[in-house]
Amino acid sequence: MTAEKLKIFEEFRPHAEPGMLQEIRLFLGVEDGVSEYNVKSDESQKICVNILLEKFSYVLAKNVFLHLSEFMRHSYFNVYACEEAEELVRYHFLTGLSGKDGVRMEVVIG
């Protein structure tokens with residue numbers, strides 16, 4: 001994905017609220033088709049989620065991401081971009097209440 005397309009993701013001011021990572025882990029623990037997952041936050045407070053599916057398919061990857069984004073969404077705005085590769089999908093997701101503050105996630109599904 002070009003730098004210009006990712007500009008909104010770079011200008012965003014993310015913050016990961018206490019307990020948010022555990023909520024995501026609990027959510028993924030009961031999501032159909034998910035075999036393994038890893039959830040962490042980096043130094044910029046971007047949430048990084050890596051998901052391994054029981055059997056990869058683009059449809060299942062999209063469904064898992066959409067369920068997760070619906071679970072995490074805030075009321076003011078929700079934006080995502082998707083990159084597909086062979087048996088791997090990467091989503092960049094922003095959700096917030098107002099301005100450029102909220103949650104920034106990178107979700108990799110394989």
Side-chain angles (χ1 to χ4, degrees):
M1 188 168 295
T2 66
E4 182 64 29
K5 290 181 181 178
L6 291 174
K7 187 176 181 180
I8 186 173
F9 294 95
E10 299 305 322
E11 293 175 351
F12 190 73
R13 295 182 305 263
H15 64 277
E17 298 171 8
M20 190 178 290
L21 300 181
Q22 184 59 24
E23 290 175 9
I24 295 169
R25 288 182 190 108
L26 291 171
F27 177 84
L28 291 172
V30 297
E31 184 68 17
D32 289 338
V34 173
S35 174
E36 297 176 29
Y37 53 88
N38 182 23
V39 181
K40 62 183 178 182
S41 178
D42 69 10
E43 65 281 348
S44 70
Q45 293 197 28
K46 175 179 76 175
I47 297 173
C48 302
V49 180
N50 290 295
I51 300 170
L52 181 62
L53 300 176
E54 292 171 356
K55 181 171 173 50
F56 182 83
S57 80
Y58 291 105
V59 172
L60 180 57
K62 182 178 180 178
N63 286 337
V64 169
F65 170 75
L66 291 175
H67 291 160
L68 178 60
S69 66
E70 182 64 25
F71 176 72
M72 294 299 298
R73 73 183 299 276
H74 292 319
S75 60
Y76 190 73
F77 69 90
N78 299 279
V79 178
Y80 75 88
C82 175
E83 299 174 74
E84 292 182 357
E86 191 171 322
E87 297 204 12
L88 180 90
V89 183
R90 180 182 316 274
Y91 289 94
H92 301 274
F93 177 63
L94 301 177
T95 185
L97 295 171
S98 65
K100 290 185 179 177
D101 293 319
V103 176
R104 176 179 175 200
M105 294 176 67
E106 180 177 288
V107 181
V108 178
I109 305 173

Trainee: Return the CG to CG distance between N63 and L53, rounded to the nearest 0.5 Å.
Mentor: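 Spacing of CG (N63) from CG (L53) equals 10.5 Å.
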Trainee: For residues F56 and I109, report the shortest heavy-atom separation together with the two atoms involved.
Mentor: CE1-O, 3.8 Å
Trainee: For a 4.5 angstrom cut-off between non-hydrogen side-chain atoms, does V89 reach C82?
Mentor: yes
Trainee: Would you call the rings of F71 and F27 parallel, tilted or perpendicular if under 30° counts as parallel and over 60° as perpendicular?
Mentor: parallel
Trainee: Between Y37 (side chain only) and R25 (backbone N and O only), is there a donor and an acceptor less than 3.5 Å apart?
Mentor: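 Pair found, side chain donor or acceptor close to backbone of R25.
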Trainee: Could you see if L66 belongs to whatever hydrophobic cluster contains V64? Use Ile, Leu, Val, Met, Phe, Trp, Tyr and a side-chain cutoff under 4.5 Å.
Mentor: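 Yes; tracing contacts between hydrophobic side chains, which count when under 4.5 Å, links both residues.
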Trainee: side-chain contact (heavy atoms from CB on, under 4.5 Å) between V39 and C48: does it pass, once the steps are laid out?
Mentor: CA-CA 6 Å; V39 181; C48 302; over 6 Å; no
Trainee: Test L94 against Y80 for side-chain contact (heavy atoms from CB on, under 4.5 Å), laying out the working first.
Mentor: CA-CA 6 Å; L94 301 177; Y80 75 88; over 6 Å; no
Trainee: Enumerate the salt bridge (Lys or Arg N to Asp or Glu O under 4.0 Å) contacts for residues 84-95, please, sequence neighbours excluded, ordered by first and then second residue.
Mentor: R90-E106
Trainee: Please step through side-chain contact (heavy atoms from CB on, under 4.5 Å) for the pair I24 and M105, ending with a clear verdict.
Mentor: CA-CA 11 Å; I24 295 169; M105 294 176 67; 4.2 Å; yes
Trainee: Going from CG on N50 to CG on L28, what distance comes out if it is rounded to the nearest 0.5 angstrom?
Mentor: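 Here the rounded value is 10.5 Å.
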Trainee: When hydrophobic residues are tied together by side-chain contacts of less than 4.5 Å, even through go-betweens, does V34 share a cluster with Y58?
Mentor: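 Yes.
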Trainee: Given N78 and F93, is the side-chain contact (heavy atoms from CB on, under 4.5 Å) satisfied, shown in steps?
Mentor: CA-CA 7 Å; N78 299 279; F93 177 63; 4.0 Å; yes
Trainee: Nearest 0.5 angstrom please: N38 CG to I51 CD1, how far?
Mentor: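 Reported to 0.5 Å precision, the distance equals 10.5 Å.
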Trainee: If you define the side chain from C-beta out and look only at heavy atoms, does anything of L21 sit under 4.5 Å from I47?
Mentor: yes
Trainee: If you measure from CE on M72 to CD on E70, what distance do you get to the nearest 0.5 Å?
Mentor: 12.0 Å
Trainee: Would you mind listing the cluster partners of V108? Hydrophobic ones only (ILVMFWY), side-chain contacts under 4.5 Å, chaining allowed.
Mentor: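 Taking Ile, Leu, Val, Met, Phe, Trp and Tyr as members, V108 shares its hydrophobic cluster with L88.
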Trainee: To the nearest 0.5 Å, what is the distance between CE on M20 and CD on Q45?
Mentor: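 Atom-to-atom, M20:CE and Q45:CD are 9.5 Å apart.
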Trainee: OH/Y91 to CD/E83 distance, rounded to the nearest 0.5 angstrom?
Mentor: 11.0 Å
